[in-house]
Amino acid sequence: AQSVTQPDIHITVSEGASLELRCNYSYGATPYLFWYVQSPGQGLQLLLKYFSGDTLVQGIKGFEAEFKRSQSSFNLRKPSVHWSDAAEYFCAASGSNDYKLSFGAGTTVTVRA
Amino acid sequence: NAGVTQTPKFQVLKTGQSMTLQCAQDMNHEYMSWYRQDPGMGLRLIHYSVGAGITDQGEVPNGYNVSRSTTEDFPLRLLSAAPSQTSVYFCASSWNRPYNSPLHFGNGTRLTVT
């Protein structure tokens, strides 16, 4: 079955520190991969996506993600976190014939001063 | 542009009541969808539409109906509300299949069924 797993439910990080959020997928073929962010009380916003090619993709707000086929992973990183990065982050995947995204359960990021 | 607009923002229903969650988009997107968000479960697809007059079921369609009479609107109907339908509901749209174009989300409707 196709699935997306985010192993970390909640991460707390200090402002200015680096952040890495984990995402693993289980799909028959390499899916299209996405990271979305949800600020409190808001809908989701696309941070970045991976379709093919370069395995390191850059997104908005200073985020990047690395696709590793051998590990079936698509981890999200940011070198220096800002207080405004406190939010819930969702990894998602889709096949080329799909009309839906499969979302992980989400990781909540808390930023402490 | 308003993007994706959902109404109402909050709703409390009693078991057995019916209601319609409204969703409208002004981006001329062909694809529209409804997700529900529950703690620890991420977002799950309820129904989707690839154009006016065309709808299909997602992962968790039971208890919900949809229709798509115009490109702009995609209402979600709860026929007989149950406590298990307590959730946050998101409408999302995109110009093409979601793998090929980013989903634009509304701000959600928080529904409580007592």
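So that the names make sense, note that chain A is the first sequence line, chain B the second, and so on, each numbered from 1. Here the structure is a predicted model, which is why all the values come from computation and not from measurement.
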Completion exercise
CG (A:L44) and CD (B:Q37) are apart, to the nearest 0.5 Å, by 6.5 Å
Problem - Any residue of residues 60-96 of chain B which, by heavy atoms, sits under 4.5 Å from chain A - result: B:F90
Practice task
Sort B:Q6 into side chain, backbone, both or neither according to what part of it lies under 4.5 angstrom from a heavy atom of chain A.
Solution key: neither
Practice task
To the nearest 0.5 angstrom, please state how far the CZ atom of A:F103 sits from the CE atom of B:M41.
Solution key: 14.5 Å
Handout entry: Heavy-atom neighbours of B:R44 CZ exceed 12 at 6.0 Å
Key = yes
Problem - Pairs of heavy atoms under 4.5 Å with chain B: top-ranked of A:K49, A:Q38, A:E88 - result: A:Q38
Practice task
Measure distances from A:Q6 to the heavy atoms of chain B and classify the residue's part below 4.5 Å as side chain, backbone, both or neither.
Solution key: neither
Problem - Joint cluster assignment, A:F63 & A:I60, ILVMFWY side-chain distance < 4.5 Å - result: yes
Problem - Neighbour count above 12 (heavy atom, 6.0 Å) for A:I9 CD1 - result: no
Fill in the blank from the handout: If one checks every heavy atom of B:L43 against chain A at 4.5 Å, the contacting part turns out to be both
Exercise for the section: Please confirm whether the backbone N or O of A:Y99 pairs with a side-chain atom of B:Y31, one donor and one acceptor, at under 3.5 Å? Expected result: yes
Practice task
Select one option (side chain, backbone, both, neither) describing which atoms of B:V4 are under 4.5 Å from chain A's heavy atoms.
Solution key: neither
Practice task
List the atom of A:L101, the atom of B:Y35, and the distance in Å for their closest heavy-atom pair.
Solution key: N-OH, 3.4 Å
Exercise for the section: Return the orientation label for the A:Y36 and B:F105 ring planes: parallel under 30°, perpendicular over 60°, tilted otherwise. Expected result: perpendicular
Practice task
Could you tell me which non-hydrogen atom of A:A105 sits nearest to which non-hydrogen atom of B:G40, and how far apart they are?
Solution key: CB-O, 3.3 Å
Exercise for the section: Report yes or no: do A:W35 and A:L33 belong to one cluster of Ile/Leu/Val/Met/Phe/Trp/Tyr joined by side chain heavy-atom distances under 4.5 Å? Expected result: yes
Handout entry: Nearest non-hydrogen partners of B:R97 and A:D98, listed with the distance
Key = CD-O, 3.7 Å
Handout entry: Side-chain heavy-atom pair B:E59, A:K100 within 4.5 angstrom cut-off
Key = yes
Handout entry: CG-CD distance between B:N107 and A:Q42, expressed to the nearest 0.5 angstrom
Key = 4.5 Å
Practice task
Determine, using the 4.5 Å side-chain heavy-atom cutoff (strictly less than), whether A:Y25 and A:Y89 are members of one ILVMFWY cluster.
Solution key: yes
Handout entry: Proximal component of A:F90, with respect to chain B [non-hydrogen, under 4.5 Å]
Key = side chain
Fill in the blank from the handout: Heavy-atom nearest pair, A:L46 first then B:P102, reads CD2-CB, 3.4 Å
